[in-house]
Amino acid sequence: MSQIPISVTVDGLTYDDEVEPRTLLVHWLRESIGRVGTVVGCDTSSCGACTVLMDGQSVKSCSVLAVQANGHTVTTIQGLAEGEDNWHPVQAAFKECHGLQCGYCTPGMVLASIDLLQNNPDPSEQEIREGLEGNLCRCTGYHNIVKSVQYAANTMAGKDQPAELTGGAR
Amino acid sequence: MIPIAFDYVRPTTIPEAVAALVASGEDGKILAGGQSLMPVLRLRMAAPSVVIDCSEIADLQGVRDDGNSIVIGAGTTHHDVMNSPIVKEHSPLLAMATATVADPAIRHRGTLGGALAHADPAGDLPAVALALDGVLSVTGPNGSRDIAAADFFTDYFTTSMAEDEILVSVTLPKLGAGWGYHYEKFQRTAQGWAIVGVAAAVHRSNGNITAARIGLTNMAPSPVRASSVETALSGADATVKAVGDAAASAADGTRATSDLHAAADYREHLARVITKRAVLTAGGI
Ligand SMILES: Cc1cc2nc3c(=O)[nH]c(=O)nc-3n(C[C@H](O)[C@H](O)[C@H](O)COP(=O)(O)OP(=O)(O)OC[C@H]3O[C@@H](n4cnc5c(N)ncnc54)[C@H](O)[C@@H]3O)c2cc1C
Ligand code: FES
Ligand code: FES
């Protein structure tokens, strides 16, 4: 089968590779360049577990071919932290507000939340729920995920956290 | 799953795309946003010999104001359609319906042209194109032609485009002053497909409804106009009672099916209820 050369910048590094046209971006990320933080949860582009940013916008990497990423920039969950102790505010918020249980949906949730906050830095609860409608979580019931996004929005805006986000019913 | 192997080409002009489609015989598939095609390939429900990626053809992108109408390139993403100032001003019904499609990540890649060409009976945008009397421009080896939305959607996942034609743009007439709009979608979950959807545009003058255009999603193998409701509303009083009476015929002439989401008679009930809601909201009643 023919192989097509690609050059893709992932988490700040440029990778030159050759791929079969049918290779999905998510499979290339995981199997060719070791970005196993990006996971696959379905066959129907429904679950959002595979969400990454492509040129800054959220996409489901199971619905993009690796060849289509040629010349583009991809950010995965592994490209967010700037060092061990310097997490992205959205990652830190998911930890602080216990926005995960098994963690399978979390990479996609974090990247979809970053996209959401880019477009709407001060979302209402309803806007958060709608903004994350393409990301399914089978564990948390979403409650603490919504809190995490609110917490991250406050951190990113330099605001104090209200009491309901910092303690009590977690 | 992993799709069956295929060849891949990425034309940058419309003629190149048509040439690739012709060269592929009947085995080529256009790839636009991939938000319907990639799941189909992954589930191995299709096995094209060549995938013709049209996502980087500049001439398929963008929205322009064309005087009495607006023209939207087939390759314009849902995200760009719903955020376009031209669409928001002159075709807010399309902007509103597009915002209900799938989720933000899918809207970043999925395109208006892909959604129309795919012709999913549960897709939201075919009913909008139909209600607004849209015209679809297609190009093939024998040149270009325009197809009225009413003649474009022919059956489940089937359009009147030939195998070697591609959809280039969609023209929607501006509806001007006095028109109100609403897209009402009944779905089980936020990201879900429409169980039934109603696209309504209503024109009012003084206390009356002067004209109405209503497209129904998922009430037949392809979108349908609720013609008897439109006729009943023309000249009707702009009251809840008159709209309710007119909406009682919303399921007439439809061919709803039963599936795991809803039985046909429930869909007919929904069509009546949400047509009433859509018209009341569109008409500001
Ligand atoms: C989880 C999920 C939920 C969704 N929910 C909704 C929803 O609620 N409502 C809704 O309306 N849609 C929904 N969609 C579908 C979405 O709108 C798709 O974007 C759309 O159906 C296809 O557009 P695309 O650009 O991705 O097309 P593609 O997937 O690239 O192509 C789809 C088909 O159209 C053909 N095609 C594409 N462009 C052209 C062209 N220019 N000329 C000729 N043929 C062409 C392709 O060959 C293919 O057969 C959903 C999709 C997913 C995965
Ligand atoms: S794996 Fe991509 S959406 Fe489920
Ligand atoms: S934490 Fe388990 S799926 Fe979300």
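In what follows, chains are A, B, ... by sequence order, proteins preceding strands, each numbered from 1.
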task: Might you confirm whether atom CZ of B:Arg44 has over 12 heavy atoms from other residues, nucleotides or ligands at distances under 6.0 Å?
output: yes
- request: Locate the shortest heavy-atom distance separating A:Glu20 from B:Ala5; write the atom from each residue and the value.
  value: OE1-CB, 4.1 Å
- prompt: Quick one: of B:Met38, B:Arg42, B:Arg109, who has the most non-hydrogen atom pairs under 4.5 Å with chain A?
  reply: B:Arg42
- request: Mind ranking A:Ile4, A:Val67, A:Thr23 by heavy-atom pairs under 4.5 Å with chain B and telling me who comes out on top?
  value: A:Val67
task: Measure the spacing between NE2 of A:His27 and CD1 of B:Ile2 and express it to the nearest 0.5 Å.
output: 5.5 Å
Reported CG-to-OG1 distance for the pair B:Asp103 and A:Thr51, which is rounded to 0.5 angstrom: 7.5 Å
message: Which heavy atom of A:Gln68 sits nearest to which heavy atom of B:Ala32, and what is that distance?
response: NE2-O, 4.5 Å
From A:Ser2 atom OG to B:Asp7 atom CG, the distance as rounded to the nearest 0.5 Å: 4.5 Å
- request: Could you tell me whether a side-chain N or O of A:Arg22 sits under 3.5 Å from a main-chain N or O of B:Ile4, the two making a donor and an acceptor?
  value: no
- line: So CG of B:Leu41 and OG of A:Ser63: to nearest 0.5 Å the spacing works out to 11.5 Å
task: Say whether, by atom type as modelled, one donor and one acceptor occur between the side chain of B:His108 and the main chain of A:Ser58 under 3.5 angstrom.
output: yes
message: Taking side chain as everything from C-beta outward and backbone as N, CA, C, O, which of these in A:Cys42 sits under 4.5 Å from a heavy atom of chain B? Side chain, backbone, both or neither.
response: backbone
task: Mind ranking A:Lys60, A:Arg129, A:Glu133 by heavy-atom pairs under 4.5 Å with chain B and telling me who comes out on top?
output: A:Glu133
message: Does A:Asp160 have more than 12 heavy atoms from other residues, nucleotides or ligands lying within 6.0 Å of its CG?
response: no
Segment of B:Leu31 engaging chain A (4.5 angstrom heavy-atom cut-off): side chain
message: So for A:Asp115, is it side chain, backbone, both, or neither that comes closer than 4.5 Å to the heavy atoms of chain B?
response: side chain
query: Is any NZ, NE, NH1 or NH2 atom of the basic residue among A:Glu130 and B:Arg107 found under 4.0 Å from an Asp or Glu carboxylate oxygen of the other?
result: no
task: Mind checking the CZ-CG spacing from B:Phe6 to A:Leu65? Nearest 0.5 Å is all I need.
output: 5.0 Å
statement: So, the part of B:Thr189 with a heavy atom under 4.5 Å from chain A: the answer is neither
- prompt: Heavy-atom distance under 4.5 Å to chain B: side chain of A:Asn70, backbone, both or neither?
  reply: side chain
